[in-house]
Amino acid sequence: MPQSIRPGERDDDRHDRTRRISWVDMEGVQRARVLVVGAGALGNEAVKDLMLFGFRKVDVLDMDTVVRSNLNRCVLFREGDQRSGRGKASLVAERARDLYPEAEVQAIEERVQSLGPVEMQGYDLILGCLDNVAARLHLNANSYHAGVPYVDGGTDGFRGRVQVVMPPLTPCLQCGMNRSHFKVMERRFSCTGQDTVFYRPKMAAEITTTSIIAAVQVREAVKIVSHRPVMEHVMHYDGLAGTSDILSLDIDQGCPNHPAV
Ligand SMILES: [Zn+2]
């Protein structure tokens, strides 16, 4: 061991072990303004990872409250939260600050539809931690228009998916969607009877796949703020088979989010 390094010398630095990864820009991480949309399963895991990694400026948007069936996969919720009447976003923000007191974590208890390009332009990146296609498409279109990187995550039981969208260079979420997604969405809209209510399916969900997908989202976020190449473009994860595949997409000439293409 070199004479200049004593055992434990750097152990007072919270981020010492991360700083040993040469390409990680810790100043960039701490400076970045991140918006997490959705404070459910993926949102809980993503915020936990953001805090432990050292992100300091995080806003969390959700207008739901906790139900007991959330507790199988939400690390920041506690038994009894379902009776508190408090919003998911406010609980996540409060407990995130426990994890990392230097962080400024703000809850935004509003609908996804309240976010337009103007609101998004204040962020360096957006993590989509949503459970339905319509809200994703809203976030995708508006973040693309605002020129803000968008990292979308989704799970369905033991399967998951992450897409990194870097406007104006990469395809967006809508480019990778086939018509069946839209048919399902149209059917769900027609069930609600109005176009301002997003259908919320009760899908299979568990913590192991949630953890993996949210971790990949935060890992890509670290690359974005460190100006490193990001994943191109979609990761499909199959937990039952234990595999993950990367799928490259092209910009869809018919996609309305790329008018100049
Ligand atoms: Zn597109």
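Keep in mind that the numbers below use all heavy atoms, side chains included, and drop hydrogens, waters and symmetry copies. Both ligands and their constituent atoms are indexed starting at 1 by order of listing.
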Output side-chain donor-acceptor pairs under 3.5 Å for residues 49-58, partner residues at least two apart or in another chain, one line each.
{"residue": "Arg56", "atom": "NE", "partner": "Tyr100", "partner atom": "OH", "Å": "2.9"}
{"residue": "Arg56", "atom": "NH2", "partner": "Tyr100", "partner atom": "OH", "Å": "3.4"}

Protein N, O or S atoms at less than 2.8 Å from the Zn ion (ligand 1), how many?
4
Considering only NZ, NE, NH1 and NH2 on the basic side and carboxylate oxygens on the acidic side, decide whether Arg17 and Asp11 come within less than 4.0 Å.
yes
Between Asp81 and Arg86 (salt bridge meaning N to carboxylate O under 4.0 Å), is one present in this structure?
no
Hydrogens and angles aside, do Asn142 and Tyr144 bring a side-chain donor and acceptor to less than 3.5 Å of each other?
no
Apply side chain to side chain donor-acceptor pair (under 3.5 Å) to Glu110 and list each qualifying residue two or more places apart in sequence or on a separate chain.
Ser114
Strictly by side-chain hydrogen bond (donor to acceptor under 3.5 Å, both in side chains), give each pair with a member in residues 227-241 just once, sequence neighbours left out.
none
